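Please read the structure below before turning to the comments.
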Number of protein chains: 2
Amino acid sequence: MKSKKPATKAPKKQTRDLEKSRKEILDVAFMEVFSRGFQGVSVDDIVKKTSMTKGAFYHHFPTKLELGYALVEDVISPMIIDRWITPLEKFDNPLDGILQQLQNLIGNSPPAHLKLGCPLNNLVQEMSPVDKGFHKRLQTALNLWIDETEKHLNRAKAKGFLKKDVNTKKVAQFVVMAHEGFYGMLKGLDDPKAFHALYDSLEQYFAVIST
Amino acid sequence: MKSKKPATKAPKKQTRDLEKSRKEILDVAFMEVFSRGFQGVSVDDIVKKTSMTKGAFYHHFPTKLELGYALVEDVISPMIIDRWITPLEKFDNPLDGILQQLQNLIGNSPPAHLKLGCPLNNLVQEMSPVDKGFHKRLQTALNLWIDETEKHLNRAKAKGFLKKDVNTKKVAQFVVMAHEGFYGMLKGLDDPKAFHALYDSLEQYFAVIST
DNA sequence: AATTTAACATACTAATTAGTATGTTTTCAA
DNA sequence: TTGAAAACATACTAATTAGTATGTTAAATT
């Protein structure tokens with residue numbers, strides 16, 4: 001039996017950690033909501049997949065809706081930045097970066113993962129008309145995506161990759177729309193060739209606005 | 001009191017009509033599901049907004065899922081043909097028709113209606129990963145939309161409006177993707193100017209593939 | 001006209017739901 | 001060390017859920 005406590009200094013023997021617990025709930029909730037929808041998941045479902053109980057859940061989130069809000073603000077929004085914005089920094093031409101990321105994160109994704117769609121788009125379509133608090137936060141997340149994309153497009157313009165007369169705000173909106181559209185389409189279709197079709201068309205559009 | 005029955009031949013005094021009742025349930029269910037999502041609507045919700053009761057509902061549909069399937073096949077699919085395909089017949093150049101219909105049905109829609117998004121896209125995003133029966137039927141509906149769009153693009157090609165080397169299947173997929181993307185975007189954003197931004201970009205893309 | 005059957009209505013059930021009330025254990029500051 | 005508060009656990013509740021069992025009425029058939 002090794003239940004003896006070694007006399008060496010306790011190496012971080014915390015059994016309770018607010019931040020870690022919150023993160024565990026959010027992580028589990030994210031996957032559940034991602035795959036079954038916000039209204040399709042119950043608080044009990046989430047709790048069951050957690051190492052905690054209902055008491056813990058409601059210690060962290062006053063209502064199920066507040067958990068949903070936290071998912072948008074604390075999980076999904078940072079994820080968008082991580083996956084779609086930050087990687088663009090490595091590209092001299094942001095337009096190349098956008099196409100590259102589409103290829104990496106969507107084109108190269110296994111079909112099983114594509115079937116779940118986009119976490120943000122899923123919630124926009126499901127919850128935006130249903131709850132004002134959701135709508136507000138989802139709108140903020142979408143605008144964040146658009147604004148950050150626009151910044152890189154402005155950089156592209158400054159570097160001479162984009163025609164002088166292009167409206168980068170408009171293009172940014174179109175680019176984000178295409179991301180949502182790609183995800184939505186590939187979620188509904190099974191056709192693995194569909195991505196290339198969409199990708200090729202977007203590439204053609206990029207060619208028009210490029211120098 | 002006018003409760004007397006005129007001796008004139010009964011002018012269709014049916015109190016029970018299978019088809020009419022089914023249609024009433026489907027119509028009510030469509031609006032409820034359209035605005036609150038399939039999982040956000042209960043059978044009792046639907047029944048309450050109907051002139052019938054639960055007994056009638058389960059006389060027409062064995063389960064809630066079967067009602068959902070009927071919504072896709074009997075309500076939404078015909079609606080897509082009516083709104084997005086049939087109108088194209090009036091246009092000499094189908095590409096003009098597609099842009100016109102986008103302007104009519106989305107650009108000129110009141111924001112209150114745009115907030116509900118697209119009935120098909122809503123269900124694709126919410127239900128496609130959740131239930132196989134849904135996925136299959138939603139996929140069929142999407143492919144119907146794509147195939148019918150492709151037919152008109154082939155007509156455009158035959159008439160010389162499209163470049164000879166364009167792949168009409170690919171373009172059709174991109175067009176439907178754009179429709180879903182437009183709807184999804186405008187549902188999340190509030191910006192009334194967003195439509196024009198998206199529209200302009202799509203128009204530029206059309207210019208590339210046109211003669 | 002009588003009888004069968006189709007088109008419903010009414011009343012129920014067992015499971016699930018979000019949320020609460022109250023207890024227990026860990027942590028940390030004095 | 002102690003005591004208070006934070007971080008949970010347990011046990012409950014009232015409402016809602018999809019679905020059923022059974023009754024009733026209108027319509028079609030004979």
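The analysis underlying the following values was restricted to heavy atoms, covering all of them including side chains, and did not include hydrogens, waters or symmetry mates. Remember, predicted model here, so these are calculated numbers, not experimental data.
The six-membered or imidazole ring of B/Phe61 lies away from that of B/Tyr69, with a centre-to-centre distance of 6.0 Å or more. Between A/Phe174 and A/Tyr205, the ring centre distance stays below 6.0 Å.
When the C1' atom of C/dA15 is taken as reference, atom NZ of A/Lys48 falls 11 Å away, rounded to whole Å. Look at OH on A/Tyr58: it is 21 Å from P on C/dG23, rounded to the nearest Å. Whole-Å rounding puts the B/Leu67 CG to D/dG19 P distance at 11 Å. Atom CD in A/Glu19 sits about 15 Å away from atom P in D/dA6, given to the nearest Å. B/Asp131 has its CG atom 15 Å from the C1' atom of D/dA18, to the nearest Å. Per the geometry, NZ belonging to A/Lys20 stands 15 Å off C1' belonging to C/dT27, to the nearest Å. If you take CD1 of A/Ile46 and C1' of C/dA18, they are 12 Å apart, rounded to a whole angstrom. To the nearest angstrom, P of D/dT20 lies 12 Å from CZ of B/Phe57.
Between D/dT17, C/dA7, C/dT17, one nucleotide has an atom nearer to the side chain of B/Leu18 than all others, and that is C/dA7. Distance from the side chain of A/Met52 is smallest to D/dA9 among C/dC8, D/dA9, D/dT17. The nucleotide whose nearest atom lies closest to any side-chain atom of B/Asp44 is, among C/dA6, D/dC8, D/dT17, D/dT17.
Taking only side-chain nitrogens and oxygens, B/His59 comes nearer than 4.0 Å to OP1 or OP2 of C/dA7. Distances shown here put every side-chain N or O of A/Thr63 at or beyond 4.0 Å from the OP1 or OP2 atom of C/dA18. For the OP1/OP2 pair of C/dT27 and a distance below 4.0 Å, the side-chain nitrogens and oxygens of A/Thr15 include at least one atom meeting the criterion.
Residues B/His135 and B/Pro129 have side chains not in contact (no heavy-atom distance under 4.5 Å, counting atoms from C-beta outward). Looking at A/Phe30 and A/Pro119, their side chains come closer than 4.5 Å, going by heavy atoms from C-beta outward. Residues A/Glu148 and A/Leu88 are not in side-chain contact: their nearest non-hydrogen atoms beyond the backbone lie 4.5 Å or more apart.
One donor-acceptor pair, N or O on each side, does fall under 3.5 Å between the base of D/dG19 and the side chain of B/Lys54.
Among the protein residues, A/Thr53 comes within range of the nucleic acid bases, having at least one heavy atom under 4.0 Å from a base atom. Residue A/Val41 is classed as a sugar-phosphate contact, given heavy-atom separations below 4.0 Å to backbone atoms only.
Position along DNA chain D of the nearest nucleotide to B/Phe38 versus A/Gly55 favours A/Gly55 as the more 5'-ward residue.
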